[in-house]
Amino acid sequence: MPKVYVTNKGPHDYSDAEAFGEIVFCTSGSIDKFDLSQMYRELDLAMADSEPGDFVLLTSLTSLCSVACALFASKHGELHVLIHRGDCYVERSLYFNV
């Protein structure tokens, strides 16, 4: 079963994303939007067991999402994101020539 990496555990209801896989929270609480190195360390640890078919759920800080997507794409050569649209999540994928 794929995993859904939620960039930050916030007050939102992420249960609809469970249709795509097991929810894994990468960070929680307040994050310094300028500390990209700390974001990278936390995300790298949280995504250590990620696989190419897993998802990154876009939520929280833009900088956090950017680091998560860069890390995932660098690690797997592809990126699968979940974006909230209206009342559901939609999947979008990119494949890179690495």
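For the numbers below, each heavy atom of this structure counts, side chains included, while hydrogens, waters and symmetry mates do not.
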Value rounded to 0.5 Å, distance of NE2 in H12 from OG1 in T59: 4.5 Å
Hey, what's the ring geometry for F55 with H80, parallel, tilted or perpendicular (30° and 60° as the breaks)? perpendicular
Starting from V4, can I reach V24 by hopping between I/L/V/M/F/W/Y residues whose side chains sit under 4.5 Å apart? no
In sequence, state the C-alpha distance, the side-chain angles, and the governing distance for C69 and L58, and then conclude on side chain to side chain contact (heavy atoms under 4.5 Å, CB included). CA-CA 9 Å; C69 289; L58 300 180; 3.8 Å; yes
Check whether more than 12 heavy atoms from other residues, nucleotides or ligands sit under 6.0 Å from atom NZ of K9, and answer yes or no. no
Quick one: CG on D49 to OH on Y5, what's the gap to the nearest 0.5 Å? 6.0 Å
Return the minimal non-hydrogen interatomic distance between A17 and L82, and the atom names on each side. CB-CD1, 4.3 Å
Are Y40 and L36 joined in one hydrophobic group, where the rule is that I, L, V, M, F, W and Y side chains link up if heavy atoms are under 4.5 Å apart? yes
Is it the case that one hydrophobic cluster holds both V67 and F96, taking links as side-chain heavy atoms less than 4.5 Å apart, direct or via other members? yes
Closest approach of M1 and G21, non-hydrogen atoms and distance? CG-CA, 4.0 Å
Hey, what do you get for CG (D32) to CG (L64), rounding to the nearest 0.5 Å? 11.5 Å
For residues S50 and F72, report the shortest heavy-atom separation together with the two atoms involved. CB-CE1, 3.9 Å
How many angstroms lie between atom NZ of K75 and atom CD of E51, to the nearest 0.5 angstrom? 9.0 Å
Between F25 and Y14, ring centroids under 6.0 Å: yes
Identified side chain to side chain contact (heavy atoms under 4.5 Å, CB included) partner of K3 from the options I23, V56, D54: D54
Show your reasoning for whether side chain to side chain contact (heavy atoms under 4.5 Å, CB included) applies to M39 and T7. CA-CA 10 Å; M39 289 178 198; T7 53; over 6 Å; no
Between atom CD of E78 and atom CG of N97, what is the distance when rounded to the nearest 0.5 Å? 12.0 Å
At what distance, to the nearest 0.5 angstrom, does SG of C26 lie from CG of N8? 9.0 Å
Could you state whether V81 and V6 fall into the same hydrophobic cluster, counting links through intermediate Ile, Leu, Val, Met, Phe, Trp or Tyr residues with side-chain heavy atoms under 4.5 angstrom apart? no
Give a yes or no on whether L43 and L94 share a hydrophobic cluster (residues Ile, Leu, Val, Met, Phe, Trp, Tyr; joining criterion: side-chain heavy atoms under 4.5 Å apart). yes
